[in-house]
Structure formats: structure tokens, C-alpha cells
Amino acid sequence: MKKEYQATNYESDLTDKQWEAIKEFFPSGNKSKYHKRSLVEAVLYIVKTDCQWRMLPHDYPPHDTVWSFYRRARENGVWDKMMKHLVKITRKQAGRNEEPSYALIDSQSVKTTCYGENHGYDGGKKRKEENGTL
């Protein structure tokens, strides 16, 4: 029997509007014992507080259930899809195109020399190689 959603009172909890925006990514299956919103909010609590999985408050489903839910969603790409969807919503609300029109790539030049000195070891003594010989 599936438990009904029980609201908690943590800063990491989703508002109803936020849940409506992402609930399509977490369909409720017949085998689900816990409400998907409770599982998502438990993951968000872990991310927000950076607490250990075993230290998850008892207001949420058991930590091993939450971990399993998170792991499966991550492996199936659900979190990435959800984040891309939220980026599109945010960009649209800001009056911008849903997709970025360009990207910036940052690179750093590394100075090198064409001719380097060769160094080697001989009999435990460090000597400078000259013309490729010791």
C-alpha cells in the first residue's frame, strides 16, 4: 500500500508549483511504496544540507530507499533531463530563448620549448646528458 505524501517543514522542500514543474519526470508506479515527491525532497535535503545518507531525518522515507531511488534516477538520466527542462523554463521566464544561441569555451595556452635538455641517471649519480649519451 502506497503512502500518501506527507509535507515536511524543511527549507529544501518543494513548493506545489515546483513539484508540478518536475513531477512528469518521476511517474508513480504500482510498486512504489513511497510518494515520489517525498523521495525527491529527501534527495534535495541531502544536497542542501550535505548530510550523510544515514543521517536523513525520519520525516523522509528510509535512507536506503532514498539512495536506491536517487541512484536509479541518476543512472537512467532522469536528473539530467529534469535539469535541462528547468533551465529551459528559467530561460523562458527571463525572456530568453529556451536554447542558448552560443557557448563560450575557455582555454589556456601552455608555453613549451622546441628544444629541451635531456637529463639522465647513471649508476645512481645524476649527470647531464649531452647529445643523447651519458
Side-chain angles (χ1 to χ4, degrees):
M1 179 154 104
K2 184 177 177 178
K3 291 185 180 180
E4 290 299 317
Y5 172 71
Q6 295 288 326
T8 57
N9 194 21
Y10 295 103
E11 287 185 32
S12 58
D13 288 352
L14 297 168
T15 63
D16 291 339
K17 185 177 178 181
Q18 290 169 331
W19 175 244
E20 288 298 319
I22 65 168
K23 74 178 184 179
E24 67 187 68
F25 295 96
F26 304 100
S28 188
N30 295 338
K31 297 179 184 178
S32 299
K33 185 176 179 183
Y34 298 98
H35 196 283
K36 298 293 183 181
R37 183 172 175 176
S38 295
L39 294 167
V40 171
E41 287 181 350
V43 171
L44 294 176
Y45 180 87
I46 295 282
V47 171
K48 176 86 172 170
T49 63
D50 200 29
C51 79
Q52 298 172 356
W53 288 96
R54 292 181 185 267
M55 300 298 290
L56 191 64
H58 296 291
D59 299 338
Y60 294 117
H63 67 85
D64 53 344
T65 303
V66 176
W67 163 249
S68 179
F69 165 77
Y70 167 73
R71 182 183 48 80
R72 285 191 319 272
R74 187 191 69 221
E75 288 173 356
N76 293 332
V78 174
W79 295 109
D80 289 334
K81 290 175 191 172
M82 180 189 69
M83 292 304 292
K84 287 178 183 176
H85 175 72
L86 292 174
V87 166
K88 286 181 180 182
I89 290 173
T90 304
R91 289 181 62 86
K92 193 173 183 179
Q93 288 174 346
R96 301 170 75 185
N97 290 333
E98 289 182 2
E99 297 289 334
S101 56
Y102 64 90
L104 297 175
I105 299 174
D106 187 20
S107 64
Q108 180 178 359
S109 298
V110 178
K111 292 182 181 180
T112 60
T113 59
C114 294
Y115 304 102
E117 288 186 18
N118 292 326
H119 295 277
Y121 293 92
D122 183 30
K125 297 179 184 177
K126 185 174 180 182
R127 294 188 333 184
K128 191 184 239 185
E129 288 184 43
E130 295 179 20
N131 298 329
T133 60
L134 291 176

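Below, all heavy atoms of this structure are taken into account, side chains as well, without hydrogens, waters or symmetry copies. All figures in this text were calculated on a predicted structure; none of them were measured in a lab.
- Counting non-hydrogen atoms of other residues, nucleotides and ligands closer than 6.0 Å to CD of Glu75 gives a total above 12.
- Taking the side chain as every heavy atom from C-beta outward, Val40 and Phe25 never approach each other to under 4.5 Å.
- Annotation: Arg91, atom CZ; neighbour count of heavy atoms from other residues, nucleotides and ligands within 6.0 Å is above 12.
- Applying the side chain to side chain contact (heavy atoms under 4.5 Å, CB included) test to Asp64 and every residue at least two apart in sequence or in another chain returns Pro62.
- Taking the six-membered ring for Trp and thresholds of 30 and 60 degrees, Trp19 and His35 have ring planes inclined between 30 and 60 degrees apart.
- When side chains are defined from C-beta on, Pro61 counts as touching Leu39, because their heavy atoms get closer than 4.5 Å.
- Taking CD1 of Ile22 as the start and CE of Met82 as the end, the distance is 5.0 Å to the nearest 0.5 Å.
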Hey, mind stepping through Ile46 and Tyr70 against side-chain contact (heavy atoms from CB on, under 4.5 Å) and telling me if it holds? CA-CA 11 Å; Ile46 295 282; Tyr70 167 73; over 6 Å; no
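- No side-chain heavy atom of Phe26 sits under 4.5 Å from any side-chain heavy atom of Arg37.
- No donor-acceptor contact under 3.5 angstrom links the side chains of Tyr45 and Asp59, judged on distance only.
- The two atoms that bring Thr8 and Glu41 nearest to each other are OG1-OE1, 4.1 Å, heavy atoms only.
- The shortest distance between side-chain heavy atoms of Gln18 and Asp13 does not fall below 4.5 Å.
- Residue Val87 is not grouped with residue Val47 when hydrophobic side chains (ILVMFWY) are merged at heavy-atom distances under 4.5 angstrom, including chains of intermediate members.
- Rounding to the nearest 0.5 Å gives a distance of 13.0 Å between NE2 of His85 and NZ of Lys81.
- In this structure, the side chain to side chain contact (heavy atoms under 4.5 Å, CB included) partners of Ser68, at least two apart in sequence or on a different chain, are Arg71, Arg72.
- Between Arg74 atom CZ and Asp80 atom CG the span is 10.0 Å, to the nearest 0.5 Å.
- Between Ala21 and Glu24, the shortest heavy-atom contact is O-OE1, 4.4 Å.
- Checked against the 6.0 Å centroid threshold, Tyr60 and Tyr10 count as a close aromatic pair.
- Here the CD atom belonging to Gln93 is positioned 14.5 Å from the NZ atom belonging to Lys88, to the nearest 0.5 angstrom.
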